[in-house]
Amino acid sequence: MPDRTTVAGVAVDTRHFIGGERTASAGTFTDVSPIDGTVLGEISRGTPEDITAAVAAAKDAFPGWAATPRAERARLLRAIADGVDKRLEELAAVETADNGALLRSHRRGVMPRVAHNFRFFAERSLALDHEEFATRGHTHHVSWDPAGPSALITPWNAPLMMESWKVAPALAAGNTAVLKPSEWSPLTASLLADIAAEAGLPAGVLNVVQGPGSEIGDALTSHPDIRRISFTGSVPTGRHIAASAAAHLTPLSLELGGKSPLLVFADADLDLAVDLAVEQYDNAGQVCLAATRLLVDERVAAEFTRRLTARAAALRQGDPRDDTTDVGPVVHPRQLARIDGFVRRALAAGARALVGGGPGTGLYYPPTLLTDVAQDAEIVREEVFGPVLTLQTFTDEDEAVRLADDTRFGLAATVATGDPERAARVSARLVAGTVWVNCFYVRDLRAPFGGSRQSGIGREGGTWSFDFHCDVKNTVTVTKNTGTATRNTVTAPKGRPAHG
Ligand code: NAP
Ligand code: MG
């Protein structure tokens, strides 16, 4: 089996990256491009033994990395960011070949953000508080200690984006990492390993194991030497991982699916509202944050629908490498079949397709807009993860919020309104990790990110990432020598015990 494949003119190592070395498994899996079905490579099919080796490498490298001064760790992360910048065009081209997302967004938006993730967490680690609280005769010193090897598991819809979002804070925190990318998009993780090695990252600090989650996931998430698990993916896999992590009570961060609403009030700028709705077809709808439930005030619903239908029907679907393409293919035949199953069942249950409504050629699923859907219909309740939106109407603010919040998810919500007071009232009532008012997809790495309800557990971003990856410690030191050992001298509110 060859150790390398060439994709979009770029040489990509098809093996794992463990302890600074490239190692192969006996078996492989085939990576196929969703653009045209081209075989991109035969990738090492990891085994539980490969996971054992990778966790051992991460464990060995941990004491040295944890003891490395933060400034030096930050320097290495910045060197990785520089390496990403240097290979930006290659990373963009390989990612597009691998998962079918638009080349122009990889070049202009995604890959620059990958570099930014490394720079941001490098800087943020330097700014971490070392808070001190003085009490009578003592100081309490708070420190952010590295926790150990982190397991990082990522999906295929934004592979390197999610990988950098996880690798950067883990490493900045002083943890070492074992990264398992999705078998549907394994390539850029391998390039990231090259970039990390070229940047001078010590061996074992970042390890990459390729292979199907169903075959190697449990070995990773139930491993006793793994001290953190950061997972982005679907709710069922999240639930499975939580059960697996329970074996060693390994702390975990879950960023899961969504069924987010876009609320369009009668006082909204309708052009903006339609823009926001059309944006939901980006990445062929394979976006966890996508606002796939359009909830529109009945007074403007006809006009909104007329404009949106025209815009959605005019979206250009085709080769994601073409600059004029708006919507590329979905990632995999299994994903296409899943999407089409949802649409077929919705139509059979009485939904009406205003746009699309069935498969196109190859993996190109036409943007679809469904109406006449009941609140309890599968298409309204379940995440499709494809270019499929539903449209429902409401009569007043209360009904809008009720419909928006009537879901087991809580990842994001978007509100289009021209009334700032309504914006404040409605956002306060929505259950979501992120609420966008008159905008969508705006992120700042200092802000928390995550999901409420079944959209996830925990928050990442800014200090929250370090909260998660670190063992936060409080060291209490006596400052005034009283001549005897002291205890229970905590300043407590009157009437409460001073300890506990
Ligand atoms: P998935 O099937 O849950 O897979 C996600 C990752 O988990 C993949 O690397 C997968 O590997 C791995 N995996 C599968 N079974 C595993 C197991 N038993 N143990 C450990 N790892 C395992 O999700 P997906 O279909 O790839 O991604 C789409 C989902 O991700 C959607 O639900 C979407 O909403 C969600 N998502 C959420 C966010 C967020 O930030 N909230 C962002 C992006 C996507 P294999 O692919 O190799 O099987
Ligand atoms: Mg692929």
Side-chain angles (χ1 to χ4, degrees), residues 5 7 12 29-35 37-41 43 45-46 48 51 94-101 151-159 161-163 165-166 178-189 208-223 226 229-245 252-260 283 285-290 292 329-335 338-339 363 382-386 409-412 432-434 443 449-452 454-461:
T5 184
V7 175
V12 186
F29 64 92
T30 307
D31 185 27
V32 176
S33 176
I35 300 175
T38 308
V39 170
L40 299 176
I43 314 295
R45 189 181 197 106
I51 292 289
V94 170
E95 196 85 294
T96 290
D98 206 358
N99 82 341
L152 311 175
I153 303 171
T154 50
W156 42 264
N157 62 323
M161 224 304 292
M162 298 307 315
E163 282 145 19
W165 165 250
K166 294 191 184 303
V178 177
L179 168 65
K180 196 215 84 66
S182 166
E183 76 199 271
W184 287 355
S185 59
L187 302 180
T188 46
V208 179
V209 182
Q210 304 283 10
S214 55
E215 295 174 17
I216 57 174
D218 286 352
L220 181 57
T221 55
S222 67
H223 199 294
I226 288 293
I229 299 167
S230 176
F231 169 76
T232 298
S234 64
V235 171
T237 308
R239 197 174 285 127
H240 180 95
I241 288 176
S244 174
L252 77 169
S253 164
L254 300 178
E255 295 187 354
L256 308 177
K259 191 74 187 177
S260 300
N283 208 7
Q286 302 167 124
V287 176
C288 58
L289 296 159
T292 49
V330 300
V331 68
H332 194 274
R334 277 219 313 266
Q335 187 68 9
R338 189 170 182 272
I339 294 166
L363 294 185
E382 297 299 324
E383 183 184 45
V384 176
F385 221 58
F409 296 107
L411 191 55
T434 302
R443 295 271 306 274
F449 177 81
S452 304
Q454 289 189 26
S455 286
I457 295 179
R459 294 292 180 270
E460 294 187 45

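Note that this is a predicted model, so its numbers are computed, not measured. We count ligands from 1, going down the list as the structure has it; atoms in each ligand are counted the same way.
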Identify, for [atom], the protein heavy atom at the shortest distance, and state residue, atom and that distance.
{"atom": "atom 7 (O) of ligand 1", "value": "Phe231 CE1, 3.1 Å"}
{"atom": "atom 46 (O) of ligand 1", "value": "Ser182 OG, 2.8 Å"}
{"atom": "atom 19 (N) of ligand 1", "value": "Gly217 CA, 3.3 Å"}
{"atom": "atom 17 (C) of ligand 1", "value": "Gly213 O, 3.5 Å"}
{"atom": "atom 25 (O) of ligand 1", "value": "Trp156 NE1, 3.2 Å"}
{"atom": "atom 36 (N) of ligand 1", "value": "Cys288 CB, 3.4 Å"}
{"atom": "atom 33 (C) of ligand 1", "value": "Phe385 CE1, 3.2 Å"}
{"atom": "atom 48 (O) of ligand 1", "value": "Glu183 OE2, 2.9 Å"}

Given [options], which has its nearest heavy atom closest to [atom]?
{"atom": "atom 12 (C) of ligand 1", "options": "Val235, Ile153, Asn157, Leu289", "answer": "Ile153"}
{"atom": "atom 6 (C) of ligand 1", "options": "Thr237, Thr154, Val384", "answer": "Thr154"}
{"atom": "atom 10 (C) of ligand 1", "options": "Arg239, Met162, Lys180, His240", "answer": "Lys180"}

Would you please determine whether [X] falls within less than 4.0 Å of ligand 1 on a heavy-atom basis?
{"X": "Gly211", "answer": "yes"}
{"X": "Gly451", "answer": "no"}
{"X": "Pro181", "answer": "yes"}

message = Checking the side chain of Lys259 only, and the main-chain atoms of Glu382 only, is there a donor and an acceptor separated by less than 3.5 Å?
response =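 At least one qualifying donor-acceptor pair exists.
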Ser455 side chain to Leu256 backbone, donor-acceptor under 3.5 Å = no
Numbered atoms and elements of ligand 1 in range of [X], under 4.0 angstrom, heavy atoms:
{"X": "Gly257", "answer": "32 (O), 34 (O)"}
{"X": "Pro212", "answer": "47 (O)"}
{"X": "Leu411", "answer": "41 (N)"}
{"X": "Phe449", "answer": "40 (O)"}
{"X": "Thr232", "answer": "5 (C), 36 (N), 37 (C), 38 (C), 39 (C), 40 (O), 42 (C), 43 (C), 44 (C)"}
{"X": "Pro155", "answer": "26 (O), 27 (O), 43 (C), 44 (C)"}
{"X": "Ile241", "answer": "19 (N), 20 (C), 21 (N)"}

key: the Mg ion (ligand 2) - closest N/O/S atom in Asp31   = OD1
task = Using only N, O or S atoms, tell me which atom of Asp98 is closest to the Mg ion (ligand 2).
result =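 Nearest to the Mg ion (ligand 2) within Asp98's N, O and S set: OD1.
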inquiry  = Is the ring pair His332/Trp184 parallel, tilted or perpendicular, if the boundaries are 30 and 60 degrees?
reply    =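 Parallel.
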Between [X] and ligand 1, is there a nitrogen or oxygen pair with a distance under 3.5 Å?
{"X": "Ser234", "result": "yes"}
{"X": "Leu256", "result": "yes"}
{"X": "Trp184", "result": "no"}
{"X": "Glu383", "result": "yes"}
{"X": "Glu255", "result": "yes"}
{"X": "Gly233", "result": "yes"}

message = Could you measure the distance from the CG atom of Asp31 to the CG atom of Asp98? Nearest 0.5 Å is fine.
response =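 It is 4.0 Å, given to the nearest 0.5 Å.
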request  = Drop me the distance from Gln335's CD to Asn99's CG, to the nearest 0.5 angstrom.
outcome  =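 Spacing of CD (Gln335) from CG (Asn99) equals 11.5 Å.
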inquiry  = Could you tell me if Lys166 and Thr154 have a donor-acceptor pair between their side chains, going purely by distance under 3.5 Å?
reply    = no
query = Can a donor-acceptor pair be found between the side chains of Arg45 and Thr30 at a distance below 3.5 Å?
reply = no
inquiry  = Taking N, O or S atoms only and a limit of 2.8 Å, check whether Trp184 reaches the Mg ion (ligand 2).
reply    =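 For Trp184, the answer is yes, given that an N, O or S atom comes within less than 2.8 Å of the Mg ion (ligand 2).
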message = Does the protein place a non-hydrogen atom closer than 4.0 angstrom to atom 4 (O) of ligand 1?
response = no
